[in-house]
Amino acid sequence: SEAEFKVEVGGSTHIQVYKNGGVSLHQAGTGAGKKLETMSTGARVTGTLDVTSGITVAGNIDANGDLDVDGHTELDNVSIVGVTTHQGHILPSANNTYDIGSSSKQWRNFYVSNIVSAPGFGIIGPDLTVRNFTATGISTHVGIATFNNATFHDDVTFTTASGNNIVFDKSDNQLEFGNDVKAEFG
């Protein structure tokens with residue numbers, strides 16, 4: 001669009017007002033060029049926009065670069081696509097109220113160094129420490145398993161390296177040893 005009015009200083013255009021009502025502001029010297037332009041669809045800022053007070057946006061914001069937000073920020077219904085890097089703690093606004101994921105929107109894998117249950121009765125780390133543990137279905141122990149005051153409610157099979165197992169048969173209250181399996185006492 002052709003400029004209807006121009007303000008020039010030292011041979012450089014600083015302000016242009018266009019016939020369609022648009023305005024552009026230019027900077028001379030270091031960083032010279034168009035800095036602010038209004039048009040029928042809004043305004044365009046070239047460079048950095050510093051706002052010293054509040055800013056209210058009634059429509060959408062489309063940021064095609066990095067967004068750096070300092071201070072308290074409230075976001076509602078945010079959809080993040082891609083990898084997000086976070087520095088600091090993630091804390092809910094209320095205790096024992098919110099979930100991560102749901103029954104229909106589950107996370108696939110969870111990579112952490114430790115999981116501690118509140119108020120600290122269970123820890124999953126290099127070792128698993130759990131208070132009042134109940135396993136439903138088959139429970140397999142690899143390595144050393146220590147049970148203090150254990151109660152078994154069904155048959156228990158101890159698998160040996162040779163495959164000749166030791167079985168506690170609940171139906172006849174007997175401990176049965178496979179071939180070539182020995183028990184040593186004392």
Side-chain angles (χ1 to χ4, degrees), residues 1-10 12-140 142:
S1 180
E2 185 178 328
E4 187 171 310
F5 174 76
K6 291 183 183 180
V7 174
E8 293 186 6
V9 177
S12 296
T13 302
H14 287 273
I15 301 173
Q16 292 186 39
V17 179
Y18 299 97
K19 291 181 181 179
N20 65 4
V23 176
S24 64
L25 302 175
H26 298 256
Q27 177 181 332
T30 304
K34 190 184 298 184
K35 298 300 176 183
L36 174 68
E37 176 181 21
T38 65
M39 59 202 82
S40 62
T41 59
R44 177 181 297 132
V45 174
T46 302
T48 302
L49 174 64
D50 290 323
V51 179
T52 59
S53 187
I55 185 169
T56 301
V57 179
N60 296 329
I61 296 177
D62 186 10
N64 292 318
D66 293 338
L67 178 62
D68 185 8
V69 179
D70 295 326
H72 177 76
T73 305
E74 287 190 29
L75 303 172
D76 188 21
N77 296 321
V78 177
S79 177
I80 298 173
V81 178
V83 175
T84 301
T85 302
H86 179 77
Q87 182 177 350
H89 300 286
I90 300 174
L91 301 173
S93 61
N95 188 39
N96 199 21
T97 303
Y98 302 105
D99 301 320
I100 297 178
S102 70
S103 61
S104 62
K105 299 264 184 170
Q106 299 177 4
W107 293 97
R108 184 183 62 205
N109 295 317
F110 198 48
Y111 298 94
V112 296
S113 59
N114 287 310
I115 297 176
V116 179
S117 68
F121 294 135
I123 299 171
I124 299 173
D127 299 313
L128 173 62
T129 305
V130 180
R131 187 177 147 225
N132 298 325
F133 176 75
T134 301
T136 57
I138 297 172
S139 177
T140 304
V142 178

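Everything quoted here is computed from the prediction, not taken from an experiment. Values below: all heavy atoms of this structure, side chains included; hydrogens, waters and symmetry mates excluded.
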Give the table of side-chain donor-acceptor pairs shorter than 3.5 Å for residues 73-94, with sequence neighbours excluded, one pair per line with atom names and distance.
| unit_1 | atom_1 | unit_2 | atom_2 | d |
| --- | --- | --- | --- | --- |
| T73 | OG1 | G71 | O | 3.4 |
| E74 | OE2 | H72 | NE2 | 3.4 |
| H86 | NE2 | G88 | O | 3.1 |
| H86 | NE2 | H89 | O | 3.4 |

For N96, does the CG atom have more than 12 heavy-atom neighbours from other residues, nucleotides or ligands under 6.0 Å away? no
Under 3.5 Å, which donor-acceptor pairs do the side chains of residues 54-66 form with other protein atoms, sequence neighbours left out?
none

